[in-house]
Amino acid sequence: MQSRMEEGKDPAALRATPSRPFPLRLLQFFLVFLVIGLGASFLSMYMIRHFGIHNVALVQSTIKPCFELPVTIESWIRPPSGLLHTMNDTELFWRATFVPRVKSYPFKRTPKIAFMFLTKGPLPMAPLWEKFFKGNERLYSIYVHSLPSYSADFPPSSVFHRRQIPSQVAEWGMMSMCDSERRLLANALLDISNEWFILVSESCIPLQNFSIVYRYISRSRYSFMGAVDEPGPYGRGRYDENMAPEINMSDWRKGSQWFEINRELAVKIVEDSTYYPKLKDFCVPHKCYVDEHYFQTMLTINTPHLLANRSLTFVDWSRGGAHPATFGKDDIKEEFFKKILQDQTCLYNNQPSSLCFLFARKFAPNALGPLLDIATKTLGI
């Protein structure tokens, strides 16, 4: 009977009736799942936004990355790993003039001499300086300011390897020359172990071995910068009344460009903003040459009691002219150095001394060979 009843039904109805409940339930299931999923997602985002960040920060504050160094005194006193940086002069001078208010150091500090080479390019006397520095690595630092276009190629074994600082063009007699000297000082001040600062050029040579130089500099109560009140057209004659009242005629001084100063005076030179604009505007070639007057006058005004009022770099002006004598290979004889090293008298710590010069200039590149030949016997290098 059942088969006859089914035979009487519409075949289409027979096919559709049993399939209706299944897709409806499946659709309901998916809708419920979708609603639950979306709700869970929104709830998760809400929890993370309002609660999760604090928990993450808490975890991060207690877990330090393996590459992060702890903040110790060494992290403050460690010298820069490299001399190249992206600071401009304003930023560099600001950073370099950080001075601790507590004078005593809370760590063992070995004071160093910063040798600052102001050059146009190559250092023809580098082999002689290499001999001078050898074996004294903990007692010195080297900084080289050259033309920006010059790229040094010293080998990794050289003391001059990667010792160039970010430099700019320095023109003779212009304030840009003093800018380069301040730039050298500022870069050297970044190393807190540098206590004394010596400015030399590519034509300078050492006249004594490193031990004598270090002892002479470190035991001196004064910094070495010539600053004399020179009458006549090349001294007082270069003064401009527009420099007053910051600089008066009685303050005006002249001296050698090449100096040897301590850290206190180096900071004063780098931080100066009082005398700089006066010298820049009113001491210009060919009436006035700022590198012979700026630091000499400023330090005479501020710290005259700290100056020995002489330079440690021998220069021969006896031949006359706008530039000192240059010595070539034919001048390199023992008698020449005897005159510089022995036939001199000066004051050292207010006592008479015959050791007056530690460096000399100007030496031509062809003098290097003869200098190396006599370095050990005559100069003790």
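All values reported here derive from a predicted model rather than from experimental measurement. If you read the sequence from its start, that first residue is 1, and numbering goes on from there.
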* **Quiz item: cation-pi between R310 and F224, 6.0 Å / 45°** => no

* Taking C-beta and beyond as the side chain, do I198 and T313 meet within less than 4.5 Å on heavy atoms? -> no

* Under 3.5 Å, is there a donor-acceptor pair linking the side chains of E260 and S223? -> no

* In terms of hydrophobic clusters joined by side-chain contacts under 4.5 Å, are L312 and I261 together? -> no

* To do: Keeping the roles fixed (side chain from R263, backbone from L189), state whether a donor-acceptor pair exists under 3.5 Å.
  => yes

* Asked: Between W196 and Y214, does the ring centroid distance fall short of 6.0 Å?
  -> yes

* Please check if the side chain of R221 supplies one atom and the backbone of N349 the other of a donor-acceptor pair under 3.5 Å. => yes

* To the nearest 0.5 Å, tell me how far F337 CZ sits from I332 CD1. => 4.5 Å

* Under-4.0 Å salt bridge between D240 and K287 -> yes

* Asked: Would you find more than 12 non-hydrogen atoms of other residues, nucleotides or ligands less than 6.0 Å from K329 atom NZ?
  -> no

* Would you call E292 and R238 a side-chain contact if the rule is heavy atoms closer than 4.5 Å? -> yes

* Keeping the roles fixed (side chain from T97, backbone from W94), state whether a donor-acceptor pair exists under 3.5 Å. => yes

* May I ask you to test the C283-M243 pair for a side-chain heavy-atom distance under 4.5 Å? => yes

* Atom pair CZ (F363) and CD1 (I205), whose distance is rounded to the nearest 0.5 Å -> 3.5 Å

* Asked: Does the side chain of F359 come within less than 4.5 Å of Q208's, by heavy atoms?
  -> no

* To do: Go through I212 and L355 one step at a time and tell me if the side chain to side chain contact (heavy atoms under 4.5 Å, CB included) criterion holds.
  => CA-CA 10 Å; I212 293 177; L355 181 54; 4.0 Å; yes

* **Stepwise side chain to side chain contact (heavy atoms under 4.5 Å, CB included) test for Y289 and V284** => CA-CA 6 Å; Y289 298 94; V284 296; over 6 Å; no

* T297 and R253 side chains, donor-acceptor separation under 3.5 Å -> no

* **Pairwise distance OG1(T274) to CD1(I301) - rounded to 0.5 angstrom** => 9.5 Å

* Asked: Are any side-chain N or O atoms of N194 and backbone N or O atoms of A188, one a donor and one an acceptor, separated by less than 3.5 Å?
  -> yes

* Indicate if F295 and F282 have the same hydrophobic cluster label, given that clusters are the connected sets of ILVMFWY residues with side-chain heavy-atom separations under 4.5 angstrom. => yes

* **Within-4.5 Å side-chain heavy-atom neighbours: M225 and N309** => no

* To do: Please state whether the rings of F210 and F115 are parallel, tilted or perpendicular, taking 30° and 60° as the class boundaries.
  => tilted

* **Stepwise side chain to side chain contact (heavy atoms under 4.5 Å, CB included) check, L299 with L306** => CA-CA 9 Å; L299 295 180; L306 298 180; over 6 Å; no

* Before giving the answer on salt bridge (charged side-chain N to carboxylate O under 4.0 Å, His left out), spell out for K112 and D191 the whole-Å C-alpha distance, their side-chain angles and the decisive distance to 0.1 Å. => CA-CA 9 Å; K112 298 190 297 185; D191 185 344; 2.7 Å; yes

* Flag if over 12 foreign heavy atoms under 6.0 Å of OH, Y234 -> no

* Indicate yes or no for a side-chain donor-acceptor contact from Y239 to the backbone of I247 under 3.5 Å, with no hydrogens or angles considered. => yes

* **D331 side-chain N/O to G328 backbone N/O, donor-acceptor pair under 3.5 Å** => yes

* Asked: Does atom CH2 of W172 have more than 12 heavy-atom neighbours, drawn from other residues, nucleotides or ligands, at distances under 6.0 Å?
  -> yes

* In terms of side-chain heavy atoms, does Y222 have a donor or acceptor partner in N262 at a distance below 3.5 Å? -> no

* **Main-chain N/O of I142 paired with R163 side-chain donor or acceptor, under 3.5 Å** => yes

* Asked: Which is it for Y348 and S220 under the side chain to side chain contact (heavy atoms under 4.5 Å, CB included) test, yes or no, and what are the steps along the way?
  -> CA-CA 7 Å; Y348 177 75; S220 175; 3.9 Å; yes

* Asked: Can you tell if the side chain of N187 reaches within under 4.5 Å of the side chain of L83, non-hydrogen atoms only?
  -> no

* Asked: In terms of heavy-atom contacts, does CD of E137 have more than 12 from other residues, nucleotides or ligands at under 6.0 Å?
  -> yes

* Asked: Between W252 (side chain) and D229 (backbone), is there a donor-acceptor pair under 3.5 Å?
  -> no

* Mind checking whether F314 and I381 sit in one hydrophobic cluster, side chains of I, L, V, M, F, W, Y counted as touching below 4.5 Å? -> yes

* Asked: Less than 4.5 Å apart, any side-chain heavy atom of D316 and any of P324?
  -> no

* Would you check if the side chain of N136 reaches a backbone N or O of K134 as a donor-acceptor pair within less than 3.5 Å? => yes

* **Residue pair K362 / F327, side-chain heavy-atom distance below 4.5 Å** => no

* To do: Check whether the side chains of D251 and Y275 place a donor and an acceptor atom closer than 3.5 Å, and report yes or no.
  => no

* Asked: Can a cation-pi geometry be assigned to R109 and Y105, taking NZ or CZ under 6.0 Å from the six-membered ring centre and within 45° of the ring axis?
  -> yes

* Of P285, S176, S180, which meets side chain to side chain contact (heavy atoms under 4.5 Å, CB included) against E171? -> S176

* Asked: Does any N or O in the side chain of R182 come within less than 3.5 Å of the main-chain N or O of V270, such that one atom is a donor and the other an acceptor?
  -> yes

* Would you say the side chains of S354 and Q342 form a donor-acceptor pair under 3.5 Å? -> no

